[in-house]
Structures are given as structure tokens and as C-alpha cells.
Amino acid sequence: MDKTLYIIDRAMYIVDTWKRHLNDVDMTYIQHLIFALSLSRKLSIGAIRGLIHGLFPGLYVTSVSDLVAELNQMLKEAHIRSEGIRSRL
């Protein structure tokens, strides 16, 4: 296959996968971006707190487990929202 055609084929595959994922989670691109950035921010802060806790065990004693519970709840709510919207279609 010609290299240009290969690149176009790969690009189309990526776009198709992207659209399919957004459809699966029932979010627009902007909604998905904001949600993903929110998760990334929380995970970054959690990583720093986890590092600090590793160095100083008396600090941020429950922050990582609290973060895991919070992220789990956020993901459950997002899943329930997308399932609820789909069931009404």
C-alpha cells in the first residue's frame, strides 16, 4: 500500500474510533475533554499527595483512598448518565 494511502487509512481509523468512543460515552468532544481534564487534574494531585505520604507517612493518610472512591463515583455517575440517555432513545 502506498505510504500516503496508509496514513489516510490510519487517520480514518483513528477518527472512527474517536467518534465511536464519544458515542459510547454519550458525550460531545468538549464534554469529554472537560471530563478527562478533570480526571487528569485529580489524578495529578493524588499522585503528588501519594508521593508526599510515602515520604511523610503522617501526611495525607487517607487522601489516595479517598481519591479512588471519588473517581469511582465520578465514573459510575458518568456511566449511569450515558446508560440513562441511551435507554430513553
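Please read these numbers as outputs of a predicted model, since none were measured by experiment. What's counted below: heavy atoms across the whole structure, side chains too, no hydrogens, waters or symmetry copies.
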Enquirer: Between V68 and I52, is there shared hydrophobic-cluster membership here, with clusters defined by ILVMFWY side-chain heavy atoms closer than 4.5 Å?
Expert: no

Enquirer: Does the side chain to side chain contact (heavy atoms under 4.5 Å, CB included) test come out yes or no for D9 and L5, once each step is laid out?
Expert: CA-CA 6 Å; D9 181 60; L5 291 176; over 6 Å; no

Enquirer: Starting at CG of N23, measure out to OG1 of T28 and round the result to the nearest 0.5 Å.
Expert: 12.5 Å

Enquirer: I need the H79 NE2 to D24 CG distance, nearest 0.5 Å.
Expert: 11.0 Å

Enquirer: Could you tell me the separation between the OG atom of S40 and the CD1 atom of I45, rounded to the nearest 0.5 Å?
Expert: 11.0 Å

Enquirer: Nearest 0.5 angstrom please: I34 CD1 to M27 CE, how far?
Expert: 10.0 Å

Enquirer: Applying side chain to side chain contact (heavy atoms under 4.5 Å, CB included), can you list everything that pairs with L39, at least two apart in sequence or on another chain?
Expert: F35, L71, M74, L75

Enquirer: R10: which residues meet the side chain to side chain contact (heavy atoms under 4.5 Å, CB included) condition with it, sequence neighbours left out?
Expert: Y6, Y13

Enquirer: Roughly how far apart are L51 CG and Y60 OH, rounded to 0.5 Å?
Expert: 11.0 Å

Enquirer: What pairs with D16 under side-chain hydrogen bond (donor to acceptor under 3.5 Å, both in side chains), at least two apart in sequence or on another chain?
Expert: R20

Enquirer: With sequence neighbours left out, what residues match L22 under side chain to side chain contact (heavy atoms under 4.5 Å, CB included)?
Expert: W18, Y29, H32

Enquirer: Please list, chain by chain and in numerical order, all residues satisfying side chain to side chain contact (heavy atoms under 4.5 Å, CB included) with T4, sequence neighbours excluded.
Expert: D2, I8

Enquirer: Considering residues at least two apart in sequence or located in another chain, which fulfil the side-chain hydrogen bond (donor to acceptor under 3.5 Å, both in side chains) criterion with K19?
Expert: none

